[in-house]
Amino acid sequence: MTRSKPPAPAAPRRSATTRTAIRDAARGRFAADGYERATIRAIARDAGIDPSMVMRYYGNKEGLFAAAVTVDLELPDPGALPRERIGHALVAHFLRTWEGDGELTALLRVGATNEAGAARMQRIFQEQLLPVVREMHPDPEQAPVRAALAASQLLGLGLTRYVLRLPPAVALDREEIVAWLGPTLQRYLTAAHP
């Protein structure tokens, strides 16, 4: 009687490759379809795997979304910027970020229609934008409002230019956008309370 060997555990490299393929496919689907319309089946098909593998690695669509759509705004150090140009620098930075990849656009699209996406946007606001604004403005009590006003302009730009693709917003070149929005952000971040 011959004993059969138990199957060897999956190699970590294969597992990591599968996880990466799933995350990449999910990023593309969430960016193109939004959270609600992106399906586990479509993501699995794009990744070239069985849908059960998506569930095995990420549990559910929310878990996959959380793993796939991670955004590091890589905001500039406000201390390294001339104070009178902070607004302009942030607008230029956000334009580069929006145009650098589809993750922020995907997150904005999902955040506008889904609770999990909205929660992710709120965490980015709390963990990334708010601390930078606190460094720029000496009154810590005003920082949350000023950060929210700055976010309203930047997210509004992202929504009109990259999600809704309103022709006049798309037609503006970067320099025009910086010239229009830079002074507004500057006022929100550094001007005296009205």
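These numbers come from a predicted model, not from an experiment. In this chain, numbering begins with 1 at the start of the sequence shown.
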Using 4.0 Å as the upper bound for N to carboxylate O, is an ion pair formed by R161 and E99?
yes
Which atom pairs, one a donor and one an acceptor, fall under 3.5 Å between side chains of residues 71-91 and the rest of the protein, sequence neighbours left out?
residue: D72; atom: OD1; partner: E74; partner atom: N; Å: 3.0
residue: D77; atom: OD1; partner: G79; partner atom: N; Å: 3.0
residue: R83; atom: NH1; partner: M136; partner atom: O; Å: 2.9

Starting from I124, can I reach W98 by hopping between I/L/V/M/F/W/Y residues whose side chains sit under 4.5 Å apart?
yes
Separation between CZ (R27) and CZ (F65), nearest 0.5 Å, reads 11.5 Å
Honestly curious: do L164 and L107 fall in one hydrophobic cluster under the side-chain, below-4.5 Å linking rule?
yes
Spell out, yes or no, whether L104 and I177 are grouped together once hydrophobic residues are joined by side-chain heavy atoms under 4.5 Å, including indirect joins.
yes
Minimal heavy-atom distance between N60 and M55, with the atoms involved, is CA-CE, 3.8 Å
Under a 3.5 Å cutoff, is there a donor and acceptor pairing between the side chains of R109 and Y162?
no
Do you know which of M121, E127, Q126 makes side-chain contact (heavy atoms from CB on, under 4.5 Å) with R123?
E127
State the CD-CZ distance between E115 and R120, to the nearest 0.5 angstrom.
14.0 Å
Taking T160 for its side chain and L157 for its backbone only, find out whether a donor-acceptor pair lies under 3.5 Å.
yes
Approximate separation, where rounding is to 0.5 Å, of I49 CD1 and R19 CZ
11.0 Å
Step by step, would you call I43 with F30 a side chain to side chain contact (heavy atoms under 4.5 Å, CB included)?
CA-CA 9 Å; I43 292 166; F30 289 133; 4.2 Å; yes
Report the C-alpha distance between L129 and V133 in whole Å, list the side-chain angles of each, state the deciding distance to 0.1 Å, and finish with yes or no for side chain to side chain contact (heavy atoms under 4.5 Å, CB included).
CA-CA 6 Å; L129 182 60; V133 173; 4.2 Å; yes
Looking only at heavy atoms, the pair that brings A68 and A26 closest together is CB-CB, 3.7 Å
Donor-acceptor contact below 3.5 Å, side chain R29 vs main chain A38
no
Would you verify whether the NZ or CZ of R23 falls within 45 degrees of the ring axis of Y57 while also being under 6.0 Å from that six-membered ring's centre?
no
Heavy-atom closest contact (D50 atom, A44 atom, distance):
C-CB, 3.9 Å
Before you tell me yes or no, could you show the steps for I22 and D46 under side chain to side chain contact (heavy atoms under 4.5 Å, CB included), namely the whole-Å CA-CA distance, both residues' side-chain angles and the distance that decides it to 0.1 Å?
CA-CA 8 Å; I22 294 168; D46 292 350; over 6 Å; no
Output the distance between atom CZ (F125) and atom CG (L155), rounded to the nearest 0.5 Å.
9.5 Å
Over 12 foreign heavy atoms within 6.0 Å of CZ, R41:
no
Verify the neighbour count for atom CD of E135: are there more than 12 heavy atoms of other residues, nucleotides or ligands below 6.0 Å?
yes
Min side-chain heavy-atom separation H193-R146 under 4.5 Å
yes
Taken to the nearest 0.5 Å, the spacing of Q142 CD from L149 CG works out to 10.5 Å
In the single-linkage hydrophobic clustering (I, L, V, M, F, W, Y; side-chain heavy atoms under 4.5 Å), do L108 and V170 co-cluster?
no
Is there a donor-acceptor pair under 3.5 Å between the side chain of E176 and the backbone N or O of D173?
yes
Do the side chains of L154 and L185 get nearer than 4.5 Å, heavy atoms only?
yes
Measure from the side-chain N and O atoms of R134 to the backbone N and O of A143, and report whether any donor-acceptor pair falls under 3.5 Å.
no
